[in-house]
Structures are given as structure tokens and as C-alpha cells.
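One structure below.
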Amino acid sequence: MRHRLIVPGAIAAASLLLTVPASAAEPTPGAPGVGDPYYPDYGNGGYDVSHYDLRLTYQPKTDKLSGTATLLATAEQDLSRFNLDFALDVSEVRVNGKKARFKTSGAHELEVTPAEPLAEGRQATVVVRYHGVPSKVKVDDYTSWHRTKDGGVAANEPEAAWWWFPSNDHPTDKASYDISVAVPDGTQAISNGTLQSQRSRAGWTRYNWRSRAPQATYLATLAVGKFDITTAKTDSGLPVINAYSKDLGEHEGAARASVERTAEITDWLEGYFGRYPFEALGGYVPNTDTTYALETQTRPFYSPDDFADGSNTSVVVHEMAHQWYGDSVSVKGWKDIWINEGFARYAQWLWSEDQGEGTAQELADYAYASHPADDPFWKVKPGDPGPENQFHRAVYDRGAMALQALRNEIGDKDFFAVLKGWPQKYQGGNAEVRDFVAYAEKVSGEPLSELFDTWLYQPSKPAAGADAGAASFAAKGTPERPRSWKQIHTADHPRH
């Protein structure tokens, strides 16, 4: 260990860097939410997190989790107080090494008052020590922590972090992660990114995971249990890590036959979306009773139910497509969910086309024709569905129909240029629907606002044969259902 001598004058100067000058305006509290109209109390104002360092211990037998979270954050205003989103019990908070006052408020707010105000533009180190039993902690009568026979899993959307680490829980504040988890020997801890090291001592094994690329809080995941883990490398040298609960039973074969094709599917998706944006890939299938999959960054979560009818590569396509659309390019607000789900659904349509199980046009025709004009399906606006319909099938299917309408309107050359160019332009950041519309107009040179308004914002069924890309959609009757239709729809998931 190296020690550095700091003279008293330097200490005083360093202290000033972390506090607000006397001449500055009076420090004020950060907002308890980022202002997302769907979830006003999600995220927090006044600061930006650049890195999370989580050092955890978890006992599967009791579901007890304890941890120390260290957040590196930069103040975006002169802060007298700030909030974190969290639901477990907190024993201590320190800011820049000094004990801070804290209290809870609302459903999931941890209010932190540092010993000294934080000056705008200065980085602060926030340390939170905590513990709890995540499966027993409920917010609004639910928990995003999935208890299993041999452990637990954190995977949900739009919130999951509250049950295992304190955070600024909104997609607009993305950060890198180091996640270190100690579990009893014979148990594994799975998380995002790359496994940096694994060490055993005194009956416990500690797994150290690292995610280097910007990552939204809801995309961070943790799974503890008894897993069979497979490792490989892609042709380009990226590590592939897949994990399967040892008690999947009859679902095991189909799960492996699907998830083990992740590298192949990712290579295929690169042809449409450009270079894969992260440093690792894979997936995991814990033995949960959930019925959805989730695009947790670099390592999607799959439910055993996804493979109840046999192998399902379509669900893998959906979650891996999200690595570009949703993970690398994340929403600015939850109303922009079409940027995630419409594109992941369309990727499944392209995969179906590639596999000879129904073209994208045939799938669009079937989706269009199977919902009559008076079906409530058409009342949902994919471009702004409302929190109650955020994961409605219309966001997926009508959202994908919007992309097929765009393809019909601007032609394949420009359409596929848009699909590939968009995630490169906004890689690692956030975007909203109008950003995509502007980009598509720029690439195609065509005015497209009417088309997108028709498909994303009008609470009615677009007329077949009309403008706005519906001209080639089936106008009468319901065409034969494409073979891929049922498999495609196992990727849909409810909020809770």
C-alpha cells in the first residue's frame, strides 16, 4: 500500500473542491424523480452516476442479501440532498468518506443528506451499506426478486434494482458496473458482462463480474443458484457464457438447444444492425415460475416457460435484438418503448423469413388482418401507449407493422440502411421516437411524419390500400397463419 503525504493547505483545497463556495447560490435538494410522465418517482434529479461497484453476500437458504454499494456520481447542481431508489434496509451511508444522514420516503426513496453540500460539476463517492430479504420486500404489492428453490433472481422491467442495489433508476442514467457476489460453495452467481475472477475461501465462492459499456439499471441482473455453465468464444473472440438451472427438468433440452445458438444468432443480427455493441454475450435460464424473457445486457434472462413447447430460437432473436435496440440505444422516456419492442419483434419477423417460416410481409398481413377495426388492439398507440399498456401486444405487433409499412414506403435499400445506421448513431446513449423518425427521413429523403403518425399515434386501424405503407397489407379476410407465429409470441411479457 502506498501512502501520499498531503499538507493541511492541500486538504483544505481538496475540501473546497467537494463543497459549494460561500458565494454560490444556496444548495438545493435534487428532485425525487427524473420527470418521466409514466413513472414520476423513478430515477432522481441533481446527479449522474458513472459507475456502480457492488460487493454482495447472498445466502440462498434464507434469501438474505447484504452488501456495500459504491456509486461514483457527478453533481449536476449544487446539492444539499439527493435521493436514491432502493427498498432494502440501510445501515449506513457515507458521502466522500463522511457519514451522511439518511431516511426513507415514498415507496422506494432513500433520501441522503451529505455532511457537506456537493458542488455542481464535482464527482462524489457514495457508499451505502445494506441488508434484507428481497423476496419479502414488496413495493406496491409486488417484488421483482424471483425466489427459486436454490437461490434468487433479479430480472424485471421497468424496475428490478430496488431489491438488490441502490441506484438512480431510470434508463437515462447509464453507468459501468463491477458486481462482486459471495455465495456458498457449490452455488453460482451469474451477472452481466465478463467474469473477471472466481475465488473460494472458507466455504464461500466470490464471483466478480464487470460490465464496461454504459448500462441502464433495469438491465443489470443477478442470478444465484445451482447452474450448469457453458463457455465458448465467437468467431471474433468475444466470450459467450450461458447458464442453465440444474433443475429445469423437461425444459432443459429445449432451453439448451435454443440459448446455445446465441452466438450464431448474434452473428446473423450483425448483418442487419451492425457490429455487436458489447464485450460479451450469452443467456441464462433459471428455474423461475415467470412467463417472460428480458434483455438483461449481454446476458438475457429466459423463463423455462419460453421453451415449454420445444426449442425456441425466436425468443433468443428477440432478446439479442434488444442488445442494439433497447440496451445500447436506450429510451429517453418509458413512452418510447416502441424503440425497444417494435424492433425486437421485427427482428423475429426477419428471422422467420430467413428460416422459411413466414416472411415479414406475411406476418404483417396476418397481424393486420387478425384484428378487426373495432378491436381494442388498435386503441393502443405504440408511440405512446401509456404505462398500463407499455407491454401490450400492440406495442410489439403494431409496432412491427409500422416498420413493415416503412419498408414498403422507402424500399429495402433505405430501410435496411436505417436499421443498421440508427444503433450506430446513438450507440451507448438514449433516444426517442422522434429521433428515429428524423433519422429515417434523412436516410430516405422522404417525408415520413404521416406514416409514423398513422401507425404509432392514431387510435384506429390504418386503412388497407391507403397511403402510409398499408397498401400491400391484407385487406380482406385473414390469411393463413405463418408457421412462426406461435413461437414468436412467447417473447411477450407483462410488467409483473
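Note that the numbering runs from 1 along the sequence shown for the chain.
- Here the side chains of Asn44 and Asp85 are in contact, with some heavy-atom distance below 4.5 Å.
- Judged by distance alone, with hydrogens and angles left aside, the side-chain atoms of Glu441 form a donor-acceptor pair with the main-chain N or O of Leu448 at under 3.5 Å.
- No hydrogens or angles considered: nothing links the side chains of Trp209 and Thr194 as a donor-acceptor pair under 3.5 Å.
- Separating the NE2 atom in His318 from the CH2 atom in Trp349 is a distance of 12.5 Å, to the nearest 0.5 Å.
- Note that the OH atom of Tyr426 and the OH atom of Tyr439 stand 9.0 Å from one another [nearest 0.5 Å].
- You'll find the ring centres of Trp334 and Phe391 outside the 6.0 Å limit.
- Using a cutoff of 4.0 Å between basic side-chain nitrogens and carboxylate oxygens, Arg256 and Asp228 are scored as salt-bridged.
- Put simply, CZ on Phe307 and CD on Glu250 are 13.5 Å apart, with the number rounded to the nearest 0.5 Å.
- Inspection of the Arg483 and Ser352 side chains reveals no N or O donor paired with an N or O acceptor under 3.5 Å.
- Side chains of Asp63 and Gln59: no donor on one and acceptor on the other come within 3.5 Å.
- Taking the six-membered ring wherever Trp is involved, the centroid distance between the rings of Tyr346 and Phe415 falls below 6.0 Å.
- For the pair Lys174 (side chain) and Asp327 (backbone), a donor-acceptor distance under 3.5 Å is present.
- For Phe301 and Tyr292, the ring centers are positioned less than 6.0 Å apart.
- Using modelled atom types, one finds a donor on one side chain and an acceptor on the other under 3.5 Å when comparing Ser144 with Asn156.
- Taking the six-membered ring for Trp and the full ring otherwise, Phe343 and His322 have centroids separated by 6.0 Å or more.
- In this structure, a donor-acceptor pair under 3.5 Å is absent between the side chains of Asp354 and Tyr272.
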Considering only distance and modelled atom types, tabulate donor-acceptor pairs under 3.5 Å from the side chains of residues 179-186, sequence neighbours left out.
{"unit_1": "Ser180", "atom_1": "OG", "unit_2": "Arg206", "atom_2": "NH1", "d": "2.8"}
{"unit_1": "Ser180", "atom_1": "OG", "unit_2": "Asn208", "atom_2": "OD1", "d": "2.6"}
{"unit_1": "Asp185", "atom_1": "OD1", "unit_2": "Trp204", "atom_2": "N", "d": "3.4"}
{"unit_1": "Asp185", "atom_1": "OD1", "unit_2": "Thr205", "atom_2": "N", "d": "3.3"}
{"unit_1": "Asp185", "atom_1": "OD1", "unit_2": "Thr205", "atom_2": "OG1", "d": "2.6"}

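- Checking Tyr142 against Glu159 by side-chain atom types alone, a donor-acceptor pair falls below 3.5 Å.
- In this structure, a donor-acceptor pair under 3.5 Å is absent between the side chains of Gln323 and Gln297.
- Using a 4.0 Å cut-off between charged nitrogen and carboxylate oxygen, Asp178 and Arg210 count as a salt-bridge pair.
- More than 12 heavy atoms of other residues, nucleotides or ligands shown are found within 6.0 angstrom of CG on Asp412.
- Contact detail for Tyr58 and Gly152: the closest heavy-atom pair is OH-N, 3.6 Å.
- Side chain to side chain, Thr288 and His146 fail the donor-acceptor criterion of an N or O pair below 3.5 Å.
- Side-chain contact check for Gln487 and Ser314: no donor-acceptor pair (N or O, by modelled atom type) lies under 3.5 Å.
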Identify every side-chain donor-acceptor pair in residues 242-249 under 3.5 Å, counting partners at least two apart or on other chains, and give the distances.
{"unit_1": "Asn242", "atom_1": "OD1", "unit_2": "Gly283", "atom_2": "N", "d": "2.9"}
{"unit_1": "Asn242", "atom_1": "ND2", "unit_2": "Glu260", "atom_2": "OE2", "d": "3.2"}
{"unit_1": "Tyr244", "atom_1": "OH", "unit_2": "Glu260", "atom_2": "OE2", "d": "2.5"}
{"unit_1": "Ser245", "atom_1": "OG", "unit_2": "Asn287", "atom_2": "N", "d": "3.0"}
{"unit_1": "Asp247", "atom_1": "OD1", "unit_2": "Asn287", "atom_2": "ND2", "d": "3.4"}
{"unit_1": "Asp247", "atom_1": "OD2", "unit_2": "Asn287", "atom_2": "ND2", "d": "3.3"}

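- In the model, Thr298 has no side-chain atom that pairs as donor or acceptor with a side-chain atom of Asn192 under 3.5 Å.
- In terms of modelled atom types and a separation under 3.5 Å, the side chain of Asp397 and the main chain of Ala394 share no donor-acceptor contact.
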For Asp384 and Leu456: C-alpha separation, side-chain torsions, deciding distance, then whether side chain to side chain contact (heavy atoms under 4.5 Å, CB included) applies.
CA-CA 8 Å; Asp384 189 1; Leu456 299 183; over 6 Å; no
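- A salt bridge does not link Glu341 to Arg345: none of the charged nitrogens lies less than 4.0 Å from a carboxylate oxygen.
- Checking Tyr302 against Glu319 by side-chain atom types alone, no donor-acceptor pair falls below 3.5 Å.
- Interatomic distance, CG of Leu403 versus CZ of Arg407, reported as 10.5 Å (0.5 Å rounding).
- Checked against a 6.0 Å centroid threshold, the rings of Trp145 and Trp164 do not count as neighbours.
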